[in-house]
Engineer: 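Have a look at this one.
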There are 2 protein chains.
Amino acid sequence: MDNQDLRRAGLKVTLPRVKILEILTTAKEHHLSAEDVYRLLQESGEEVSLATIYRVLTQFEQAGLVERHNFEGAHAIFELKPEKHHDHLVCIYCGKVEEFVDDTIERRQQKIAQDAGYRMTDHSLIIYGMCVSCQ
Amino acid sequence: MDNQDLRRAGLKVTLPRVKILEILTTAKEHHLSAEDVYRLLQESGEEVSLATIYRVLTQFEQAGLVERHNFEGAHAIFELKPEKHHDHLVCIYCGKVEEFVDDTIERRQQKIAQDAGYRMTDHSLIIYGMCVSCQ
DNA sequence: CTTAATGCAAACCGTTTGCATAGAT
DNA sequence: ATCTATGCAAACGGTTTGCATTAAG
C-alpha cells in the first residue's frame with residue numbers, strides 16, 4: 001500500500017495522505033478511529049488536522065482503499081481494506097477488535113438475501129463479547 | 001406489552017411512557033428512530049418532547065423492553081425486544097427493514113466466539129442490499 | 001408530600017463544510 | 001500557472017443534560 005496506490009486511485013500524493021496511509025499500514029492496531037489516527041500522527045511528529053483526516057479517510061473509503069465500520073458507540077472505525085473479506089469480534093470491555101472469516105456464514109447470508117429478493121451489496125457481522133484477558 | 005410491563009420494569013406509569021410503548025407496539029413499521037416515534041406521537045395528537053423520547057427509549061432499553069440498533073447512517077433504530085432473536089436485512093435505498101432468523105448462522109457465531117475464547121454477550125448481523133421494489 | 005419524570009434550551013461529540021491559503025503537478 | 005488539498009473555525013445532526021416545573025404514588 002504505497003504512493004502508487006494513491007495515484008492509481010486518482011489522488012494527488014500529498015504529505016497528509018501519505019502519512020495517513022502509513023499509519024494505517026504500520027500501526028499495531030489496524031482498526032482505528034479518526035482520533036486514533038490523529039493521535040498516532042501527532043506522536044510520530046506529524047501535524048495533520050482532524051478535518052483533513054476525515055476527508056482523507058472518506059476519500060480512501062471511496063477509492064476502495066479503506067473500510068469504514070460502525071461498531072457500537074459514537075465514532076467510526078477505519079481499517080485498510082483487506083484483500084479477503086472478514087468479520088469482527090469486538091470486546092465490549094477493552095474495545096479490542098479481532099477478525100474472523102466463516103464461509104458457512106457467508107454462504108447462508110447470500111442465500112438469505114436471495115430468498116428475500118434482495119440484491120445484497122454488503123453486510124456487517126459483529127460479535128460482541130468479553131475477550132480472554134478481560135474475563 | 002402494557003402498563004404492567006412498565007411497573008415490572010420499575011418504571012412509573014406516566015403518559016409519555018405509555019404512549020411511546022403504544023407506538024412501539026402498534027406502529028406498522030416497528031423499526032423506528034427517535035424522530036419517527038416523535039412524529040408518530042404528534043400525528044396521534046400527543047405532544048412529547050424529543051428529549052423525553054430519548055430518555056424513555058434508553059430506559060426501555062435498559063429494562064430490556066427495547067433493542068437499539070446501529071444501522072448505517074447517523075441515527076439509532078429502536079424496536080420492541082422480540083421474544084425470539086432475529087437479524088436484519090436493510091434496504092440501502094428506501095431504508096426498509098426486514099427480519100430473519102438463521103439457526104445455522106447462530107450456531108456458527110457461538111462456535112466462533114468460543115474458539116476465540118470470547119464470552120459472547122451479543123451480536124449484530126445486518127445484510128445491506130436493494131429490496132425487491134427498489135430494483 | 002415526596003420523589004421521580006418532563007419540557008426547554010443549551011451543551012455535547014463526532015463529523016462535515018466554507019473559505020482563504022498552501023502545495024502538487 | 002492551475003487546480004486541488006489543507007487548516008481553521010464555524011456549522012451540523014443526532015443525542016444528552018441541567019434546571020425549573022409538573023405529575024405519579
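Worth knowing before you read on, the calculation uses all heavy atoms, side chains too, and leaves out hydrogens, waters and symmetry mates. Letters go in sequence order (proteins before strands), and every chain restarts at 1.
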Engineer: Return the 5'-most residue of the pair B/Ala74, A/Gln59 with respect to DNA chain D, ranking by each residue's nearest nucleotide.
Structural biologist: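 First, find each residue's nearest nucleotide; the 5'-ward one identifies A/Gln59.
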Engineer: With rounding to the nearest 0.5 Å, note down the distance linking CZ in A/Arg108 to NZ in A/Lys111.
Structural biologist: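 NZ of A/Lys111 is found 6.0 Å from CZ of A/Arg108.
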Engineer: Could you tell me the separation between the CG atom of B/Asp102 and the CD1 atom of A/Ile112, rounded to the nearest 0.5 Å?
Structural biologist: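 Output value for this atom pair is 4.0 Å.
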Engineer: Please pick, from C/dT15, C/dT16, C/dT6, the nucleotide with the shortest atom-to-atom distance to any side-chain atom of B/Val56.
Structural biologist: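 Taking heavy atoms from C-beta onward, the closest nucleotide is C/dT6.
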Engineer: Is there a chain of hydrophobic side chains (I, L, V, M, F, W, Y, each step under 4.5 Å between heavy atoms) that links B/Phe71 to B/Leu89?
Structural biologist: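 No, B/Phe71 does not connect to B/Leu89 through the hydrophobic network.
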Engineer: Taking OH from B/Tyr54 and C1' from D/dT15, how many angstroms apart are they, rounded to a whole number?
Structural biologist: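 These atoms are roughly 5 Å apart.
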Engineer: We want to know whether A/Glu79 and A/His30 form a side-chain donor-acceptor pair, criterion being a heavy-atom distance below 3.5 angstrom.
Structural biologist: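 No, no side-chain donor-acceptor contact under 3.5 Å.
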Engineer: More than 12 heavy atoms of other residues, nucleotides or ligands under 6.0 Å from CZ of B/Arg119: is that the case?
Structural biologist: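 No, not enclosed.
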Engineer: Working to the nearest 0.5 angstrom, can you tell me the gap between A/His31 NE2 and A/His69 NE2?
Structural biologist: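 These two atoms lie 5.0 Å from each other.
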Engineer: Would you kindly give the CG-to-P distance between A/Leu57 and D/dA5, to the nearest whole Å?
Structural biologist: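 A/Leu57 atom CG is separated from D/dA5 atom P by 15 Å.
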Engineer: I'd like to know if the side chain of B/Tyr128 reaches the main chain of B/Glu72, judged simply by a donor and an acceptor atom lying under 3.5 Å from each other, with no hydrogens or angles considered.
Structural biologist: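 Checking the backbone N and O of B/Glu72 against the side chain of B/Tyr128, a donor-acceptor pair under 3.5 Å is found.
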Engineer: Is there any protein nitrogen or oxygen under 3.5 Å from a nitrogen or oxygen in nucleotides 7-10 of chain D, and what are the pairs?
Structural biologist:
unit_1: D/dG7; atom_1: OP1; unit_2: A/Glu47; atom_2: O; d: 3.3
unit_1: D/dG7; atom_1: OP2; unit_2: A/Ser49; atom_2: N; d: 3.1
unit_1: D/dG7; atom_1: OP2; unit_2: A/Ser49; atom_2: OG; d: 3.1
unit_1: D/dG7; atom_1: OP2; unit_2: A/Thr52; atom_2: OG1; d: 2.5
unit_1: D/dG7; atom_1: N7; unit_2: A/Arg55; atom_2: NH2; d: 2.7
unit_1: D/dG7; atom_1: O6; unit_2: A/Arg55; atom_2: NH1; d: 3.4
unit_1: D/dG7; atom_1: O6; unit_2: A/Arg55; atom_2: NH2; d: 3.4

Engineer: Could you go through nucleotides 22-25 of chain D and list every protein N or O atom that sits under 3.5 Å from one of its N or O atoms, giving the distance for each pair?
Structural biologist:
unit_1: D/dG25; atom_1: OP1; unit_2: B/Val13; atom_2: N; d: 3.4

Engineer: Once you round it to whole Å, what is the distance between P of C/dA5 and CG of B/Asn3?
Structural biologist: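 After rounding, the gap between these two atoms is 15 Å.
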Engineer: For the helix from C/dC12-D/dG14 to C/dT25-D/dA1, what angle separates the axis at the start from the axis at the finish, each from five pairs, in steps of 10°?
Structural biologist: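 Result, rounded to 10 degrees: 30°.
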Engineer: Whole angstrom is fine here: how far is it from CZ in A/Arg17 over to C1' in C/dA22?
Structural biologist: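 Rounded to the whole Å, the gap is 14 Å.
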